[in-house]
Amino acid sequence: MSSSKLDIRNMAFSDQVKYIRMALQLSQTELAERMGVSYATVSRWEREDRKPQLALLGKFYSFCLRNGIELITPDKEC
């Protein structure tokens, strides 16, 4: 699997979730199952412009890395 980079420095968390889900061609239900969270959690993330609790945020970013998507954050430049 090839790796890609996504610059999330100016993206709302809701946009990050939707982008990742679409890039991996997953439904909200499939993303929830693969992450081990509820469908309602993923749905809330996409509908609202707010971040999840720190533990779930880490879980989401770890999920991205496991699926070949490296995230560029304010503290981590290319």
Atom pair CZ (Phe60) and CH2 (Trp45), whose distance is rounded to the nearest 0.5 Å: 7.0 Å
Distance in Å, Ser43 OG paired with Glu48 CD, rounded so as to fall on 0.5 Å steps: 8.5 Å
Any residue meeting side chain to side chain donor-acceptor pair (under 3.5 Å) with Asp15, in chain and number order, not counting sequence neighbours: none
Test side chain to side chain contact (heavy atoms under 4.5 Å, CB included) applied to Thr29 - qualifying residues, sequence neighbours left out: Ser27, Glu33, Tyr39
Where Glu30 and Gln25 come nearest, the two heavy atoms and their spacing: OE1-O, 4.0 Å
Show me the side-chain donor-acceptor pairs of residues 16-24 shorter than 3.5 Å, one per line, residues at least two apart or across chains.
{"residue": "Gln16", "atom": "OE1", "partner": "Tyr61", "partner atom": "OH", "Å": "2.9"}
{"residue": "Gln16", "atom": "NE2", "partner": "Met11", "partner atom": "O", "Å": "3.2"}
{"residue": "Arg21", "atom": "NE", "partner": "Glu46", "partner atom": "OE2", "Å": "2.5"}
{"residue": "Arg21", "atom": "NH1", "partner": "Leu26", "partner atom": "O", "Å": "3.0"}
{"residue": "Arg21", "atom": "NH2", "partner": "Glu46", "partner atom": "OE1", "Å": "3.1"}
{"residue": "Arg21", "atom": "NH2", "partner": "Glu46", "partner atom": "OE2", "Å": "3.3"}

Sidechain-backbone polar pair: Lys5 side chain, Ile69 backbone, donor-acceptor under 3.5 Å: no
Reported CG-to-CZ distance for the pair Asn67 and Arg34, which is rounded to 0.5 angstrom: 4.5 Å
Spacing of Gln53 atom CD and Lys59 atom NZ [to the nearest 0.5 Å]: 12.0 Å
